[in-house]
There are 2 protein chains.
Amino acid sequence: MPKAADHNPSGTHPKRRKTGTAMKTPTRTEKVHEALRQAIIEQQLSPGARLPEDMIGDSFGTSRTIAREALLRLSVEGLVDLMPNRGAFVANPTLDEGRDIFVVRRGLERMVVLQLAGNLNATQITELRRMLDDEEMAGARDEREAIRLAGEFHLRLAEMTGNKLLVRYLTETVSRCSLVLTIYGRPHSVDCGIDEHRQIIEALIAGQGDKAADLMDHHIEQVAGRALLESRKPKSVQDVLSSYASRLSQG
Amino acid sequence: MPKAADHNPSGTHPKRRKTGTAMKTPTRTEKVHEALRQAIIEQQLSPGARLPEDMIGDSFGTSRTIAREALLRLSVEGLVDLMPNRGAFVANPTLDEGRDIFVVRRGLERMVVLQLAGNLNATQITELRRMLDDEEMAGARDEREAIRLAGEFHLRLAEMTGNKLLVRYLTETVSRCSLVLTIYGRPHSVDCGIDEHRQIIEALIAGQGDKAADLMDHHIEQVAGRALLESRKPKSVQDVLSSYASRLSQG
DNA sequence: TATAAGCAGATTGCATGCAATATTGACATG
DNA sequence: CATGTCAATATTGCATGCAATCTGCTTATA
């Protein structure tokens, strides 16, 4: 193995100890998976971009096996399109698919707040309030951070239900929503209104499940609307070309 | 390649033609994936059973690579638990996890009917009605078939929304629900009441979204209740042992 | 006898090699 | 000049081999 000898570039300890603390997964596969995931969500990899196994393997100093596995996972999450015998591409959802994703997200978020209403304990309430304050502070100065915190708010809410499956689905969906926003959204409107978050929390604390659900529905609708209804950017090469083609035939 | 020479036991044509019909995936990986999936859902593989890569590879006449990929996919779907350096096991959800799964399913089904209400076209309506009739016929004689048809009904409904993501999530969730039922459910009560299905359809046709949603909620609640509330079977080794452990410390 | 260390077997993690398939450009042909 | 065929190249699909890790048994030691 001439190549595997020195692929621990980060310098951190990659192995999982057998101590009882159950450290995170040590496998290179997981690391690559997470790295790619981040790269896609943070728009370092544009939708539609090709992702050859070799290239990924070389980039991370691993073999294609690892890259392949990471791509497979990402494809299940919907962040990567895997075409048989063709290769992998950063997902490039159509506008309609984007709408579908937002629809599902809305439904999931609704489940979250319905379960949470009236069931928050004191610790959770203080944590959420602190998150809101953080959001507010960041909102003024660091836009990028504000977006991150806003996303985290939704995820944290889901975690508080204790429902693993719900968390997984919402995580996936939120990721895909960011992807959709990078394609069809305006540059970077802070997608979440902090006031809306605050209202939702208050409704949850007051045990007003239906109200919280409606607020959340409205909130997500808002985000989706801003991005998907206004923007008329065509997205895929096909769309672009078809619009050019129609222009040609008219002229 | 001494072994790969003769692994087309089915005799069917394994290759995908390049004709425009876009045949299903031809890859062996997909086939193994689907086969394992069926085996788990149909209880041919009991929850908690070990799934060594070698064994699977041998069974299907492929290498570990394929088995590995299939297992990875299944683990993402939640039908298989993958333990690092330990191997794969048929998922063995706890009772609480089972409840969580049903909660999510209820929410997803609710989304489906809310979207469908008043939006069914004539073709879809006749198809659904025909499915109901089939269910009713099968219900009397072939229990196994009745269960299959009942499951298909829910999935077909989801497909009619045209929302791919919703379909994927519901498919996954329904699979996991059957798994949960095999662990905690009684032998084989036909889990879906046909009358309930019929009522839902009628509400959908009438455009009564809220009513359909409530019916569906009730319907799933019913299934979950029958299985999860009554049965007091302890489930995992951990649960068993923890109950024994507490007994110890008390005595 | 009970506990700990050490060894052997089984199984996964990962890398690599070869065959199969898709895409691109060259070339021939109407 | 347009179109169809074919070879060259790039990339995936899959199998296999070796090292790392886990499990259980055996053996040494108090």
Side-chain angles (χ1 to χ4, degrees), chain A residues 1-9 13-20 22-35 49-75 80-90 237, chain B residues 1-9 13-20 22-35 49-75 80-90 237:
Chain A
M1 55 162 140
K3 188 179 177 183
D6 62 335
H7 55 23
N8 188 8
H13 219 306
K15 302 284 177 197
R16 150 175 99 271
R17 296 266 77 104
K18 21 185 134 173
T19 67
M23 287 180 67
K24 291 284 292 288
T25 62
T27 66
R28 281 165 270 215
T29 297
E30 276 292 332
K31 283 194 173 180
V32 173
H33 173 211
E34 199 51 36
R50 225 160 160 255
L51 297 172
E53 298 174 357
D54 274 333
M55 193 197 77
I56 296 171
D58 290 347
S59 301
F60 289 96
T62 71
S63 78
R64 284 175 46 215
T65 307
I66 302 273
R68 202 180 164 75
E69 213 173 301
L71 288 172
L72 182 63
R73 288 177 133 104
L74 288 168
S75 85
V80 158
D81 285 341
L82 226 46
M83 276 138 108
N85 279 319
R86 296 281 326 282
F89 305 81
V90 177
V237 179
Chain B
M1 53 163 144
K3 186 180 177 184
D6 61 335
H7 56 22
N8 188 9
H13 220 305
K15 303 283 180 196
R16 150 175 98 271
R17 296 266 77 105
K18 25 185 135 172
T19 65
M23 287 181 66
K24 292 285 292 289
T25 61
T27 66
R28 282 165 270 217
T29 296
E30 277 292 333
K31 283 193 172 180
V32 173
H33 174 210
E34 199 51 38
R50 228 163 156 254
L51 298 172
E53 298 174 357
D54 274 335
M55 193 197 77
I56 297 171
D58 290 347
S59 300
F60 289 97
T62 71
S63 80
R64 284 175 45 219
T65 307
I66 303 273
R68 201 180 165 75
E69 213 174 300
L71 288 173
L72 182 62
R73 288 177 134 104
L74 289 168
S75 85
V80 158
D81 285 341
L82 226 46
M83 275 138 110
N85 278 319
R86 296 281 327 283
F89 305 81
V90 178
V237 180

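Chain identifiers are assigned alphabetically (A, B, ...) following the order of the sequence lines, protein sequences preceding nucleic acid strands; residue numbering begins at 1 within each chain.
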Note to self: As an exercise, state the distance from CD1 of B:I66 to CD of B:E30, rounded to the nearest 0.5 Å.
What the structure shows: 10.5 Å
Margin query: Distance check needed: D:dT11 P versus A:N85 CG, whole Å only.
Written below: 14 Å
Item checked: Rounded distance [0.5 Å steps], CG in A:D58 versus CZ in A:R64 -> 11.0 Å
Next item on the list: Would you mind reading off the distance between B:F89 atom CZ and D:dT23 atom P, rounded to a whole angstrom?
Entry: 9 Å
Margin query: I want to check one thing: is the phosphate of C:dC14, taken as OP1 and OP2, less than 4.0 Å away from some side-chain N or O of A:T62?
Written below: no
Item checked: Set of residues satisfying side-chain hydrogen bond (donor to acceptor under 3.5 Å, both in side chains) with respect to A:T65, sequence neighbours excluded -> A:S63
Check: When rounded to the nearest 0.5 angstrom, what distance separates CD1 in A:I56 from CG in A:L71?
Finding: 4.0 Å
Item checked: Partner of A:V90 by side chain to side chain contact (heavy atoms under 4.5 Å, CB included), out of A:L51, A:L74, A:D81 -> A:L51
Checklist line | Integer-rounded Å distance: C:dT12 P and B:M55 CE | finding: 10 Å
Next item on the list: Specify the closest pair of heavy atoms between B:R50 and B:G87, including all atoms of both residues, with the distance to one decimal.
Entry: NH2-CA, 4.3 Å
Margin query: Output the rounded distance in Å from CZ (B:F60) to P (D:dA15).
Written below: 13 Å
Notebook entry, point to check: How do A:R86 and B:P52 order along DNA chain C: which one's closest nucleotide is nearer the 5' end?
Noted result: B:P52
Check: Over how many whole Å does the gap from A:R50 atom CZ to C:dA22 atom C1' extend?
Finding: 10 Å
Item checked: Candidates D:dC14, C:dC14, C:dT23 - which lies nearest the side chain of B:S63 -> D:dC14
For nucleotides 5-8 of chain D, print each protein N/O atom paired with a nucleotide N/O atom at under 3.5 Å, atom names and distance only.
none

Note to self: Looking at every non-hydrogen atom in both residues, tell me the closest pair between B:L72 and A:L72 and how far apart they are.
What the structure shows: CD2-CD2, 3.6 Å
Checklist line | Contacts of type side chain to side chain contact (heavy atoms under 4.5 Å, CB included), residue A:A70, not counting sequence neighbours | finding: A:V32, A:H33, A:L36
Next item on the list: Might you point out which heavy atoms bring A:A67 and A:G57 nearest each other, and give the distance in Å?
Entry: CB-N, 4.0 Å
Notebook entry, point to check: For residues 64-71 of chain A, which residues have at least one heavy atom under 4.0 Å from DNA chain C?
Noted result: A:R64, A:T65, A:I66
Note to self: In this structure, how many angstroms lie between the P atom of D:dA10 and the CD atom of A:E53, rounded?
What the structure shows: 16 Å
Next item on the list: Compute the bend angle of the helix from C:dT1-D:dA30 to C:dG30-D:dC1 from the end axes (five pairs per end), rounded to 10°.
Entry: 10°
Margin query: Suppose we screen for side-chain hydrogen bond (donor to acceptor under 3.5 Å, both in side chains). Which residues come up paired with B:E69, at least two apart in sequence or across chains?
Written below: B:R73
Check: Roughly, in whole Å, what's the span from CD1 in B:I56 to P in D:dC14?
Finding: 16 Å
Check: Out of curiosity, B:R28 CZ to B:F60 CZ, how far, rounded to the nearest 0.5 Å?
Finding: 13.5 Å
Notebook entry, point to check: Rounded to the nearest Å, what distance is computed from the CG atom of residue A:D58 to the C1' atom of nucleotide C:dT16?
Noted result: 13 Å
